[in-house]
Amino acid sequence: YCNNIAANQVVETLEDKQGQIWLDKKMLDLCHLQNKKAHKIIYDHKQYYLLNDIVGNNYHVNNEKSTIDINIPVKNYPSNNVFLNKMDTTKIRPKRQGLYLNYDLTAQKENLTDTNNLSGLSTLNYFNKNGVGEFEYFLQNINNKTTSVRLDTNWTLDEPEKAASWRFGDSITGTDIWTGAVRFGGIQYATNFATQPNYITFPLPSVKGQAVVPTSVDFYLNNQLLNSQNVNSGAFDIQGLPVITGAGDILVQTKDITGKQTVVAVPYYASASLLQKGLSSFSYDLGMIRNDYGIESNNYSDPTGVVSYKKGLSNDFTAGVHSEILAHQQDIGLSGAYNLNNLAIVNTAIAASNNESKQGGLLLAGIQRQTPRYSLGFQAETTSEDFWQLGLTDDELSPKFLLQSSASINSQRYGTLSVSYTNRVGRTEPVIGIATFGYNLPLGKKTFLSVNYTQQFGNDKSKQLYINFIYTP
C-alpha cells in the first residue's frame, strides 16, 4: 500500500536480523520512492534498498496479512500536468483538386427615383494540393448601364501545422492597435489561427494544487460544468480551461476517494488583446498599394513593405512592433497590452514616422474592462502634425486627437443597454463627434426589440433613430 492506496502488486521484501525492511526497485517505483541515499544489498542476484533510509519509520508492516503500508510525501509523486488547449501540428493538404463557384444576386426597384438595380457578386475558387486560388468579380446594372470591377485575385497556401498562410496576389496588410489596414497586391506570409479552429490564442486560466490521494476535479463557470479531470496523488497543474473573454470566476470542486470535498473560486481575466506566453503573431507583406478598391480593377501604385509582429512575453503582457515602409515615407511603432491584476486590459503604443524628411510621432493609451454584466472602455490617441502612416492620402494630415469611449450593461430580465462616444479632431478633416445609444430586449423566445439612436456633432449635424421588432421563426 502507498498512502493507504492498494498498489495491486505482489512484491518481494526482506527483513534482516534487526527487523529492518528492505525493498526492491519494483516496490520503490510503485510508490515513487527515491533510492539515492539508501543502503543497498544484493540478495539472490537482486538489489534491495533499506526502507528506513528512504521514509524513516513512516511505514507499517502487517505480518498476518502480508502487507506493508508506506506513508509517502506528496512531493514524491510526479506532477499531473494536463493541457486542454493544444495546437494540432498535423500537416494537412487537399489530396484532390476541385472547382466551385459562389455567387450572390440582388435585384432592386425604386419607384420614387424610377431606378432599376441589378447586381451580382461571384467568386470562382480552384483548389489542389498546393493551395486555393480565388477570383472575385462584381457586376452591376443600373437602368441598363453596366459596370464591372475585379475585386480580389489571389492564391493561398495554408500551413495548419504552423498556423500560418502564404498569399500571392491581392491581400490586406497586417495591423497593430495604432495602425489601419490597406489593400495591396504582392506576397504575404502571416499567422492564420483560423487554420487551428479549436486553438485559443489568448491566455486561459490554469489551476494548480496537490492531491494526497486520487481525486476528481470539476470546474464550473456560470453554474455550468466546464471540465472534469481525474488526477492521481501528487501535484496537479491543469492548464487551458476554455472561458469566454472578460472577467469571471471559475469554481473548482475537488473530491478525493475518501469523500472529502473542497470548493474554491479562482478569478481570471481573459482578453483577445493578449497572446499566450511564448506565442507569436506576425504578418510580413511586400507588394504595391491598391487604390480605389471596388471602383477600379487594376489601380496599383507605390511599392511598400509592412512588418507586424507580436509576442506574449508573459500571460499578462503582450508586446508588438509594427513598421510600414515606402520609398519616401516610413514609420515604426511599439505597442503593449497588459493585464492589470485581473481588473482590466491596459493598451499603450508609441510610434515615430518620417515623411520626406519631416518627422512625426504618435501616442496612444487605453483601458478596457469586460464582465458578463457590464463593460467599460476608453482610448485616446494623439499625433504630431507631421506624423504619417499608411492610409493617409497625399493631401491629408493625421488627426490631432482621437477619443473613443463605450459602456454597456446587461440584464437577463431588462435587456442590454449600450452607449458610446467618439470624438475626432482633424487637421485637414472637420471636427466630428458621434454619440450612439442602443437598447435590446427579448420579448419572448423568438421576438426581440431593438432601439438604436445616433447623433453626429460638428460641421455636419445629424440624428437617426431606428426601432426594430425582430422575429425569428
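Note that the structure is predicted; figures quoted are calculated from it, not measured. FYI, the numbering just counts along the sequence from 1.
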When you look at [atom1] of [X], are more than 12 heavy atoms from neighbouring residues, nucleotides or ligands closer to it than 6.0 Å?
X: F83; atom1: CZ; answer: yes
X: K46; atom1: NZ; answer: yes
X: Q412; atom1: CD; answer: no

In terms of side-chain geometry, is the basic nitrogen of [X] or [Y] positioned less than 4.0 Å from the acidic oxygen of its partner?
X: R183; Y: D152; result: yes
X: R150; Y: D170; result: yes
X: K310; Y: D176; result: yes
X: E161; Y: R93; result: yes

Notebook entry, point to check: Just by distance, do the side chain of T304 and the backbone of I325 share a donor-acceptor pair under 3.5 Å?
Noted result: yes
Next item on the list: Verify, without hydrogens or angle tests, whether D285 (side chain) and T173 (backbone) share a donor-acceptor contact under 3.5 angstrom.
Entry: no
Can you name the salt bridge (charged side-chain N to carboxylate O under 4.0 Å, His left out) partners of [X], sequence neighbours left out?
X: R369; value: none
X: K40; value: none
X: R373; value: none

Next item on the list: For the pair Y309 and F282, name the ring-plane relationship: parallel under 30°, tilted 30 to 60°, perpendicular over 60°.
Entry: parallel
Next item on the list: Just grab all the side chain to side chain donor-acceptor pair (under 3.5 Å) pairs involving residues 440-449, residues at least two apart or on different chains.
Entry: N440-S450
Next item on the list: Taking side chain to side chain donor-acceptor pair (under 3.5 Å) as the test, write out the residues that go with Y338, two or more places apart.
Entry: none
Check: Who are the side chain to side chain donor-acceptor pair (under 3.5 Å) partners of T191, not counting sequence neighbours?
Finding: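 Expected list: S281.
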Checklist line | Result of checking T156, T195, N192 against S165 for side chain to side chain donor-acceptor pair (under 3.5 Å) | finding: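 So, applying the side chain to side chain donor-acceptor pair (under 3.5 Å) to S165 and each of T156, T195, N192, only N192 qualifies.
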Next item on the list: Verify whether the ring centers belonging to F469 and Y471 lie closer than 6.0 Å.
Entry: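 So the answer is no for these two rings.
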Notebook entry, point to check: After noting the C-alpha distance and the side-chain angles of W178 and H322, does the key distance pass the ring pair (Phe, Tyr, Trp, His ring centres under 6.0 Å) rule?
Noted result: CA-CA 9 Å; W178 58 274; H322 181 93; 5.5 Å; yes
